[in-house]
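Each chain gets a letter, A, B and so on, in the order its sequence line appears, and its residues count up from 1. We use all heavy atoms of the structure for the numbers below, so side chains are in, but hydrogens, waters and symmetry mates are not.
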There are 2 protein chains.
Amino acid sequence: MNENAAAAAGPTAAINPCGACPVRGLAVCGVLEPDELHALAEIVHEVQRVHRQSVIVEGDEAHNFFIVTGGVASVEKLLADGRRQVVGFLYPSDFFGLAIDGCYAYSVTAVTNLSLCRFERQRYLALIDRFPKLEHRLLGMASNELAASQEQMLVLGRKTAREKVASFLSMLSERSRRLGRPPSPVWIPMTRGDIGDYIGLTTETTSRKFTQLRKEGLIAVLPDAMIELLDPAELKRIADGG
Amino acid sequence: MNENAAAAAGPTAAINPCGACPVRGLAVCGVLEPDELHALAEIVHEVQRVHRQSVIVEGDEAHNFFIVTGGVASVEKLLADGRRQVVGFLYPSDFFGLAIDGCYAYSVTAVTNLSLCRFERQRYLALIDRFPKLEHRLLGMASNELAASQEQMLVLGRKTAREKVASFLSMLSERSRRLGRPPSPVWIPMTRGDIGDYIGLTTETTSRKFTQLRKEGLIAVLPDAMIELLDPAELKRIADGG
DNA sequence: TTATCAATTTGATACAGATCATAGGACATA
DNA sequence: TATGTCCTATGATCTGTATCAAATTGATAA
């Protein structure tokens with residue numbers, strides 16, 4: 001069962017798309033070996049959130065470490081007057097909650113119904129001690145994350161609205177392909193507002209650019225929040241600044 | 001000798017601000033223990049670059065890993081038509097050159113005259129094997145870097161020109177304070193163009209906002225590329241959208 | 001000293017995207 | 001069936017920043 005099907009099938013299915021196994025997300029991501037997985041399973045707490053509920057809040061004390069096992073969440077930072085920057089979206093097997101000082105540096109909110117594995121910070125740290133190789137892979141994942149952030153800075157700082165939307169669609173398509181799924185159609189469960197807050201546009205401009213790409217025949221909007229990329233190469237060309 | 005003095009004293013001093021020791025940057029950053037430092041010293045190559053010279057180029061094969069020991073460099077990504085996004089600035093003790101696949105994901109260019117320690121990738125990887133704790137600290141540094149990137153996304157995506165410039169100045173001041181130096185004045189060796197490409201503005205708008213802050217009595221421009229923060233608290237308030 | 005070149009500043013104007021306003025559709029609840 | 005809420009789409013207008021242009025300053029070299 002893929003993430004699309006999980007969401008399309010409604011709340012119950014979306015909350016736990018993989019049945020009884022709370023650590024499926026861990027297995028899926030290929031990061032863990034059997035003994036590590038077993039050790040993790042002993043200290044895990046299963047958690048669920050519905051659409052728009054928050055999981056952690058920026059500034060709160062960081063007591064927990066999470067892994068997404070079903071659904072999609074947004075990672076966001078807020079300014080005092082309500083302006084919001086989404087710094088990323090989390091999918092099954094993604095983790096979050098590592099805090100530098102004792103507090104979370106961002107909030108995490110459920111974009112769809114969401115299921116998670118929660119680990120108490122102390123017990124997680126003890127586990128890292130037992131399995132030092134975990135850290136090696138965490139560094140690899142952090143490096144990937146860092147490279148993605150830098151790419152996103154280029155999008156936010158230097159691309160036009162049209163290029164931003166094309167970048168967003170190309171990125172999701174590429175991600176889908178990397179996971180061994182078809183690069184199109186892609187599942188876009190987040191709202192135009194969420195996307196706008198991710199790529200630095202308003203809801204209205206984001207909507208207008210989607211419409212523009214649709215009228216040009218570059219994308220098609222399908223039911224169930226699916227978007228078909230009718231000309232992925234051209235979208236990539238637009239995303240890269242023509 | 002601090003970084004300001006190194007630059008102010010001219011090219012020769014700037015290239016090697018600490019005399020004969022090529023690994024001073026490593027010692028300074030507090031990341032290494034004596035035996036690790038000793039092992040590193042054996043495989044290090046000293047490298048220098050002058051103002052505006054490039055160190056690595058986005059897309060090149062990643063054969064080397066670097067640590068800055070003197071001067072300042074910019075990390076940047078380019079679009080085909082020349083648009084540039086500076087994703088960060090590097091100071092003594094900062095490292096770069098870790099590539100996910102085999103190629104660099106960004107270019108690094110000297111902002112001032114620059115001295116570096118270069119390590120061949122293979123030998124560096126062998127060292128990591130010998131000193132696993134190195135990896136623990138690299139993860140810590142990568143986490144910090146990631147948090148900084150997310151903060152920068154908020155700046156790029158959601159702040160006004162005025163807030164962007166105030167954020168930039170506050171950040172440098174805070175960094176200076178964290179390193180145990182006075183929070184003002186701060187050394188700004190990069191041009192208005194470099195700063196603009198970092199915070200997502202043009203040279204002209206960046207210059208205008210500096211002028212505006214100066215006329216409001218919030219900053220003063222001193223000789224030798226020093227900027228005094230006359231009201232750090234108010235600048236921070238502006239930066240935070242207050 | 002004068003010439004050269006890069007960086008900064010300032011002014012005038014243009015425009016991409018924000019803001020404000022409205023309407024329709026999907027979906028949940030009463 | 002009615003009612004409310006959220007999301008998307010789209011039109012009209014406004015504005016912050018980009019763009020284009022030119023003068024000024026400062027550093028380096030001849």
Side-chain angles (χ1 to χ4, degrees), chain A residues 7-8 10-11 14 50-53 74 81-84 109-113 155-166 188-197 199-215 219-227 238 241-242, chain B residues 7-12 14 50-53 74 81-85 109-113 155-165 188-197 199-215 219-227 241:
Chain A
V50 299
H51 186 59
R52 294 286 139 189
Q53 253 186 328
S74 61
D81 62 4
R83 276 174 286 172
R84 180 176 72 139
T109 305
V111 165
T112 65
N113 291 326
V155 172
L156 288 167
R158 288 298 178 228
K159 292 194 182 179
T160 65
R162 178 180 171 81
E163 290 163 358
K164 284 175 173 183
V165 171
I188 315 265
M190 54 293 277
T191 67
R192 298 288 180 266
D194 291 332
I195 298 169
D197 283 341
I199 58 182
L201 298 174
T202 57
T203 302
E204 295 93 325
T205 300
T206 306
S207 174
R208 277 185 241 273
K209 294 302 163 182
F210 266 90
T211 301
Q212 186 187 28
L213 293 176
R214 186 169 45 72
K215 286 186 174 163
I219 62 171
V221 178
L222 309 180
D224 292 319
M226 303 295 287
I227 302 261
I238 294 169
Chain B
T12 309
V50 299
H51 186 58
R52 295 286 138 189
Q53 253 187 327
S74 61
D81 63 3
R83 276 175 285 173
R84 179 177 73 139
Q85 179 64 41
T109 305
V111 165
T112 64
N113 291 326
V155 171
L156 288 168
R158 286 298 177 231
K159 292 193 183 180
T160 65
R162 178 179 169 81
E163 290 163 357
K164 284 175 173 182
V165 171
I188 316 265
M190 55 292 277
T191 67
R192 298 288 179 267
D194 292 331
I195 298 169
D197 284 341
I199 58 183
L201 298 175
T202 58
T203 302
E204 296 92 325
T205 300
T206 305
S207 173
R208 277 185 240 275
K209 295 302 162 182
F210 266 91
T211 302
Q212 187 186 27
L213 293 176
R214 186 168 45 74
K215 286 186 174 162
I219 61 172
V221 178
L222 309 179
D224 292 318
M226 304 294 288
I227 302 259

Task: Partner residues of A:T211 under the side-chain hydrogen bond (donor to acceptor under 3.5 Å, both in side chains) criterion, sequence neighbours left out - done: none

Task: Value in whole Å for how far the P atom of C:dA18 lies from CZ of A:R83 - done: 13 Å

Open item on the list: Using a 4.0 Å heavy-atom cut-off, does A:T191 contact any base of the nucleic acid, only the sugar-phosphate backbone, or nothing at all?
Closed with: sugar-phosphate

TODO: Using five pairs at either end of the helix from C:dT1-D:dA30 to C:dA30-D:dT1, determine the angle between the two local helix axes and round it to 10 degrees.
DONE: 40°

- [ ] Specify the closest pair of heavy atoms between A:G157 and B:L156, including all atoms of both residues, with the distance to one decimal.
- [x] CA-CD2, 4.0 Å

Open item on the list: Nearest 0.5 Å, please: how far is CD1 in B:I195 from CE in B:M190?
Closed with: 6.5 Å

TODO: Scan residues 201-210 of chain A for pairs that pass salt bridge (charged side-chain N to carboxylate O under 4.0 Å, His left out), counting only residues two or more places apart or in two chains.
DONE: none

Open item on the list: The side chain of B:K209 is closest to which nucleotide in this list: D:dT10, D:dT17, D:dT19?
Closed with: D:dT17

Open item on the list: Can you measure B:I219 atom CD1 to C:dT9 atom C1' for me and round it to whole angstrom units?
Closed with: 14 Å

- [ ] For D:dT17, take OP1 and OP2 only and decide whether either is under 4.0 Å from a side-chain N or O of B:T202.
- [x] no

Open item on the list: Show the nearest heavy-atom pair for residues A:T202 and A:T206, with the distance to one decimal.
Closed with: O-OG1, 2.8 Å

- [ ] Any chance you could measure B:I219, atom CD1, to B:L213, atom CG, to the nearest 0.5 Å?
- [x] 5.0 Å

Open item on the list: Rounded to whole Å, please give me the gap between CD in A:E163 and P in C:dA16.
Closed with: 12 Å

Task: Closest-nucleotide ordering on DNA chain D, the 5'-leading residue of A:G193 and B:A161 - done: A:G193

Task: Atom pair distance, as rounded to whole Å: CZ in B:R192 and P in C:dT10 - done: 11 Å

- [ ] Mind listing the closest non-hydrogen atom pair of A:T191 and A:R52 along with its distance?
- [x] CG2-NH2, 3.8 Å

Task: Side chains of B:V165 and B:Q212 in contact at under 4.5 Å (non-hydrogen atoms) - done: no

Open item on the list: How many whole angstroms separate atom CD1 of A:I227 from atom P of D:dC7?
Closed with: 16 Å

Task: Residues in side chain to side chain contact (heavy atoms under 4.5 Å, CB included) contact with A:T160, at least two apart in sequence or another chain - done: A:R162, A:E163, B:R83

TODO: Nearest whole angstrom, please: distance from the P of C:dA16 to the CD of A:Q212.
DONE: 11 Å

TODO: Might you point out which heavy atoms bring A:H51 and A:N113 nearest each other, and give the distance in Å?
DONE: N-OD1, 2.9 Å

- [ ] Would you please name every residue forming a salt bridge (charged side-chain N to carboxylate O under 4.0 Å, His left out) with B:R84, sequence neighbours left out?
- [x] B:E76, B:D194, B:D197

Open item on the list: Taking only side-chain N and O atoms of A:T205, does any of them lie within less than 4.0 angstrom of OP1 or OP2 on C:dG17?
Closed with: no

Open item on the list: Closest approach to the side chain of B:T160, judged atom by atom: which nucleotide of D:dT10, D:dT17, C:dT10 is it?
Closed with: D:dT17

- [ ] Give one of base, sugar-phosphate or nothing for A:T211, where a contact means two heavy atoms less than 4.0 Å apart.
- [x] sugar-phosphate

- [ ] Starting at atom NZ of B:K159, determine the distance to atom P of C:dA18, rounded to an integer number of angstrom.
- [x] 18 Å

Open item on the list: Over all strands shown, is B:G196 touching base, sugar-phosphate only, or nothing at heavy-atom distances under 4.0 angstrom?
Closed with: nothing

Could you go through nucleotides 20-29 of chain D and list every protein N or O atom that sits under 3.5 Å from one of its N or O atoms, giving the distance for each pair?
{"from": "D:dC20", "atom 1": "N4", "to": "B:E204", "atom 2": "OE2", "distance (Å)": "3.1"}

Open item on the list: Closest-nucleotide mapping onto DNA chain C: is B:R52 or B:R158 further toward the 5' terminus? I mean the 5' end.
Closed with: B:R52

Task: Atom-to-atom span, CG of A:D224 to P of D:dT8 - whole angstrom - done: 14 Å

Task: Shortest non-hydrogen contact from A:R158 toward B:L201 - done: NH2-O, 2.7 Å

Task: nucleotides 23-30 of chain C: protein proximity per nucleotide (B base, S sugar-phosphate only, - neither; heavy atom, under 4.0 Å) - done: --------

